[in-house]
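Structure record follows, encoded as structure tokens.
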Amino acid sequence: NNTQTITSVSGDKLNTDDLFYKDVVKGLTATPKRLESKYFYDANGDKLFQDLMNCDEYYPTNCEMDIFTTQTGALAKAIMGDGDAFDLIELGAGDATKSSHLLKHLIDKKANFTYLPIDISENVISYLNITLPVTLPGISIQGLNGEYFNMLKKAASISDKRKVVMFLGSNIGNMPVEIAEGFCRELRSHLSAGDMALIGVDLKKNPKTVLAAYNDKGGITKKFNLNLLERINRELNADFDIDQFDHYATYDPESGACKSYLISLIDQHVKLNGKENIHFKKDEYIYMEISQKYTVEQVTQMASATGFKHLTHFFDSKKWFIDAIWVAA
Ligand code: AVI
């Protein structure tokens, strides 16, 4: 057992058995180097993502907000079915800004439902458990803190009502296509026939529009990516010189893959945990994130390939984004 406990820069004990540490070492010692974008979201990363959602070029949030604010009634009708009681589960609920519009409409319509936000962040869940009953009086809410599929299992053990699972924001795009398919298949395995999924997907569009969203002029996406190196410095006792890395984004209109990289500007060594010594050649890259874009047809194919039947699509006014409703077949 090689587990070590040393003190990180922040003063917290660093356990080398920690999954974050292991994933970072694995990614930075691989060829080519990579980091997992799920680690972007520490407190600073959450704030930078908020800034990103407010910047001019980053369109996906506004598009999905357009759907949730202008087609709330139709969305609610589609998921309410015959009016039977149901559980409305949201994977990665965050601050539930978009879903709140739908929740409010469902409450106004006296729909018989419980909202079960699932999030890996304990802060998010306690925030929602406390604030939503105030902002949305009458809501029945049970927040679940943990990994998506573990919490879906828990949700099923708590209630056997019909389930509607929301996965918004094109979070599915942060997985390569094959992994996204595996994710949908696993989601299906936690559902019963007739249950539903409401999935937000960013669509292929003018490549310049996509690229600009991941390469904003104000440099927020760059900061968002560099923040992961800062997080590694803080939490894993590393010495990345942030100024010696630049951000690079690409979009391939054929495959729909938008990818982000950090590029080492010089030949340099980075120490991690006082022990791993990672060498970067000048111009070497770290692969940071994929934000996959789909065609409408690909989304429908994804439904049928993973055990769902496509029910309906909601488009924003520009047709840049869809919220797809699938029924478990
Ligand atoms: C959270 N996710 C859907 C965002 C996206 O568009 O891929 C994360 C993001 N990365 C850079 N900008 C935004």
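For ligands, and for the atoms within them, numbers begin at 1 and follow the listed sequence. Quick caveat: nothing in here was measured; it's all calculated off a predicted structure. Computed over heavy atoms, backbone and side chain alike; hydrogens, waters and symmetry mates excluded.
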Under the salt bridge (Lys or Arg N to Asp or Glu O under 4.0 Å) definition, can you give me all pairs with a residue in residues 239-258, not counting sequence neighbours? K222-D246

Can you list every pair where an N/O of ligand 1 is under 3.5 Å from an N/O on the protein?
residue	atom	partner	partner atom	Å
ligand 1	2 (N)	N174	OD1	2.8
ligand 1	6 (O)	Y58	OH	2.5
ligand 1	6 (O)	Y214	OH	2.5
ligand 1	7 (O)	N174	ND2	2.8
ligand 1	7 (O)	S291	OG	2.6
ligand 1	10 (N)	E289	OE1	2.7
ligand 1	10 (N)	E289	OE2	3.4

Stacked cation flag K293 on Y251, 6.0 angstrom / 45 deg: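 Judged by the rule (NZ or CZ under 6.0 Å from the ring centre, within 45° of its axis), K293 is not positioned above Y251.
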
Contact list for residues 58-86, test side-chain hydrogen bond (donor to acceptor under 3.5 Å, both in side chains), sequence neighbours left out: Y59-D202, Y59-K205, E64-K98, D66-T70, D66-S317, D84-R162

Suppose the criterion is side-chain hydrogen bond (donor to acceptor under 3.5 Å, both in side chains): which pairs have a residue in residues 132-149, not counting sequence neighbours? T114-S140

Compute the centroid of each ring, for F183 and then for F149, and state whether the two points are separated by less than 6.0 Å. yes

Using the ring of each side chain (for Trp, its six-membered ring), is F315 parallel, tilted or perpendicular to H313, with breaks at 30° and 60°? perpendicular

